[in-house]
Trainee: 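Okay, here's the structure, questions in a sec.
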Amino acid sequence: MASNTSLLPSTGEGLIVSFGEMLIDFVPTVSGVSLAEAPGFLKAPGGAPANVAIAVSRLGGKSAFVGKLGDDEFGHMLAGILKENNVRADGINFDKGARTALAFVTLRADGEREFMFYRNPSADMLLTPEDLNLELIRSAKVFHYGSISLIVEPCRSAHLKAMEVAKDAGCLLSYDPNLRLPLWPSPEEARKQILSIWDKADLIKVSDVELEFLTGSDKIDDASALSLWHPNLKLLLVTLGENGSRYYTKNFKGSVDAFHVNAVDTTGAGDSFVGALLGKIVDDQSILEDEAKLREVLKFANACGAITTTKKGAIPALPSEADVLSFIKNA
């Protein structure tokens with residue numbers, strides 16, 4: 001299919017609410033060394049749901065973040081970063097008794113990552129159903145979440161309540177499991193809990209690694225992807241890194257090529273992809289049934305993901321709409 005950027009819809013006005021964790025990644029100043037060997041670390045704000053919220057607003061969309069931070073310097077710094085990036089912060093709570101989560105990240109020579117987390121418990125895990133700003137959630141057109149918020153109570157109950165309220169209010173439910181195995185008690189528990197809310201989502205995005213983990217198959221093909229299909233799903237996406245992405249809907253399926261870049265740090269690439277996609281469909285969900293338009297949106301989202309890998313850290317690397325359009329034009 002020929003590409004036609006004129007089919008690319010503008011970024012929508014509807015509110016996208018992102019639910020879950022925001023934390024600080026400590027990233028070594030040198031790539032390709034172990035944590036023990038790293039001479040120093042830079043603090044990089046992150047957490048997949050927060051990255052998605054900032055990705056949306058950086059592209060000109062409207063977003064809010066719902067979650068809990070520590071009532072500490074790092075927590076207030078993170079809330080400040082959301083506000084600086086025009087993300088609504090009226091869904092944030094601060095916990096006086098627990099710290100903001102931290103993660104030490106090893107950047108391998110190929111830009112891929114390994115994690116060591118400090119959460120025992122961190123503030124994000126202590127969000128309760130009573131903490132939720134239900135009015136904010138009900139005002140969303142899209143409600144986006146991951147699976148880290150399912151690991152422990154009380155956050156798990158808050159997550160389930162927020163999803164239920166969003167669904168009842170007619171929001172599109174968007175799910176990116178964002179598997180972080182070191183945080184789960186066991187791989188079996190991770191698989192069970194990630195799949196426990198599977199059939200509630202309207203839109204699901206998994207990476208190739210998550211597809212293998214959830215299906216238990218080492219094949220990354222249509223049959224494997226479609227084994228994750230459920231009847232209420234509107235769009236299933238599988239991201240394949242440098243091999244682009246695959247899409248599946250009730251009526252059609254296909255793949256969109258990646259843009260080739262020199263990847264420095266893959267952190268936030270998937271979140272950038274998701275934010276771009278959600279911003280383009282928030283006002284017009286019929287795009288999910290129009291293959292030509294959906295392909296243009298996914299090409300745009302692939303471009304966002306690619307650009308994000310060319311700089312260190314997730315949030316500083318998230319592009320604006322103008323960045324993406326000029327990147328696509330020159331690709």
Side-chain angles (χ1 to χ4, degrees), residues 11-22 47-57 59 61-69 82 86-93 124-178 193-206 228 230-237 249 270-271 273-289:
T11 298
E13 294 286 310
L15 181 65
I16 295 166
V17 169
S18 208
F19 173 92
E21 70 287 346
M22 188 174 194
N51 292 342
V52 169
I54 295 175
V56 168
S57 73
L59 291 165
K62 291 195 168 67
S63 63
F65 175 73
V66 172
K68 201 173 220 182
L69 299 167
L82 289 171
N86 300 314
V87 174
R88 281 181 59 179
D90 47 338
I92 295 176
N93 292 268
D124 58 288
M125 299 157 73
L126 302 177
L127 184 75
T128 66
E130 295 70 38
D131 289 331
L132 295 170
N133 180 339
L134 299 180
E135 204 178 325
L136 175 66
I137 294 168
R138 288 189 187 107
S139 69
K141 289 272 182 291
V142 172
F143 183 70
H144 176 74
Y145 47 90
S147 71
I148 290 173
S149 37
L150 294 173
I151 300 174
V152 288
E153 291 291 1
C155 186
R156 179 183 161 77
S157 291
H159 180 137
L160 298 175
K161 168 82 174 172
M163 260 176 38
E164 182 192 341
V165 167
K167 191 83 170 169
D168 289 349
C171 299
L172 181 92
L173 264 48
S174 162
Y175 185 21
D176 175 358
N178 203 37
Q193 295 302 342
I194 286 170
L195 293 173
S196 71
I197 58 167
W198 201 256
D199 57 359
K200 300 268 195 291
D202 299 298
L203 187 159
I204 294 174
K205 174 240 153 198
V206 290
L228 292 176
H230 71 75
N232 303 320
L233 202 50
K234 293 178 176 159
L235 176 63
L236 173 65
L237 292 162
T249 72
D271 305 325
F273 174 91
V274 170
L277 167 73
L278 296 179
K280 293 297 181 195
I281 65 166
V282 63
D283 286 358
D284 181 8
Q285 291 176 25
S286 73
I287 291 164
L288 301 175
E289 292 157 31

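Keep in mind that what you see is a predicted model, and the values were worked out from it rather than measured.
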Trainee: Taking Y175 for the side chain and I194 for the main chain, is one N or O donor matched with an acceptor at less than 3.5 Å?
Mentor: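 Present.
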Trainee: Between V52 and D176, is any pair of side-chain heavy atoms under 4.5 Å apart?
Mentor: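 A side-chain contact under 4.5 Å is absent here.
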Trainee: With a 4.5 Å heavy-atom cut-off, do L277 and L203 have their side chains touching?
Mentor: yes
Trainee: Over all heavy atoms of both residues, which pair between A55 and D271 is shortest? Give the atoms and the distance, please.
Mentor: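 Of all heavy-atom pairs spanning A55 and D271, the closest is CB-O, 4.0 Å.
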Trainee: After noting the C-alpha distance and the side-chain angles of T11 and K280, does the key distance pass the side-chain hydrogen bond (donor to acceptor under 3.5 Å, both in side chains) rule?
Mentor: CA-CA 5 Å; T11 298; K280 293 297 181 195; 3.0 Å; yes
Trainee: How long is the span from the OH atom in Y145 to the CG atom in L160, to the nearest 0.5 Å?
Mentor: 10.0 Å
Trainee: Taking all atoms of both residues into account, what is the closest heavy-atom pair of S174 and H144, and its distance?
Mentor: OG-ND1, 2.7 Å
Trainee: Assess whether a salt bridge exists between D284 and K141, defined as any Lys/Arg side-chain N lying under 4.0 Å from an Asp/Glu carboxylate O.
Mentor: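 Answer for the salt bridge query: no.
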Trainee: Is there a donor-acceptor pair under 3.5 Å between the side chain of D168 and the backbone N or O of V165?
Mentor: no
Trainee: Going from OG on S57 to CG on L82, what distance comes out if it is rounded to the nearest 0.5 angstrom?
Mentor: 8.5 Å
Trainee: Roughly how far, to the nearest 0.5 Å, is the CD1 atom of I148 from the CG atom of D124?
Mentor: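 With rounding to 0.5 Å, CG (D124) is 8.5 Å from CD1 (I148).
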Trainee: Do V66 and L132 have side chains that approach each other closer than 4.5 Å (heavy atoms only, starting at C-beta)?
Mentor: yes
Trainee: The test is side chain to side chain contact (heavy atoms under 4.5 Å, CB included); show your working for E289 and T249 and say whether it passes.
Mentor: CA-CA 8 Å; E289 292 157 31; T249 72; over 6 Å; no
Trainee: Could you pull out the closest heavy-atom pair between W198 and L228, with the gap in Å?
Mentor: NE1-O, 2.8 Å
Trainee: Could you pull out the closest heavy-atom pair between F65 and V87, with the gap in Å?
Mentor: N-CG1, 3.7 Å
Trainee: Please report the interatomic distance CZ(F19) to CE(M163), rounded to the nearest 0.5 Å.
Mentor: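 Interatomic distance, F19 CZ to M163 CE, rounded to 0.5 Å: 10.0 Å.
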Trainee: State whether the side chain of N93 and the backbone N or O of K68 hold a donor-acceptor pair below 3.5 Å, judged by distance alone.
Mentor: no
Trainee: Any side-chain heavy atom of P49 within less than 4.5 Å of one from E21?
Mentor: yes
Trainee: Working note: M125 + I151, criterion side chain to side chain contact (heavy atoms under 4.5 Å, CB included); need CA distance, chi angles, decisive distance, verdict.
Mentor: CA-CA 8 Å; M125 299 157 73; I151 300 174; over 6 Å; no
Trainee: Quick one: CG on N232 to CG on D202, what's the gap to the nearest 0.5 Å?
Mentor: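 If I round to the nearest 0.5 Å, the distance is 7.5 Å.
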Trainee: With rounding to the nearest 0.5 Å, note down the distance linking CD in E153 to CG in L150.
Mentor: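 One gets 9.5 Å once the value is rounded to the nearest 0.5 Å.
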Trainee: Would a 4.5 Å heavy-atom cut-off, applied to side chains only, mark P154 and L126 as touching?
Mentor: yes
Trainee: Does K167 have more than 12 heavy atoms from other residues, nucleotides or ligands lying within 6.0 Å of its NZ?
Mentor: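 Yes, the 6.0 Å shell around NZ holds more than 12 heavy atoms from other groups.
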Trainee: If you look at every heavy atom in S139 and L15, which pair is closest and at what distance?
Mentor: OG-CD2, 3.4 Å
Trainee: List the atom of K205, the atom of P177, and the distance in Å for their closest heavy-atom pair.
Mentor: O-CD, 3.2 Å
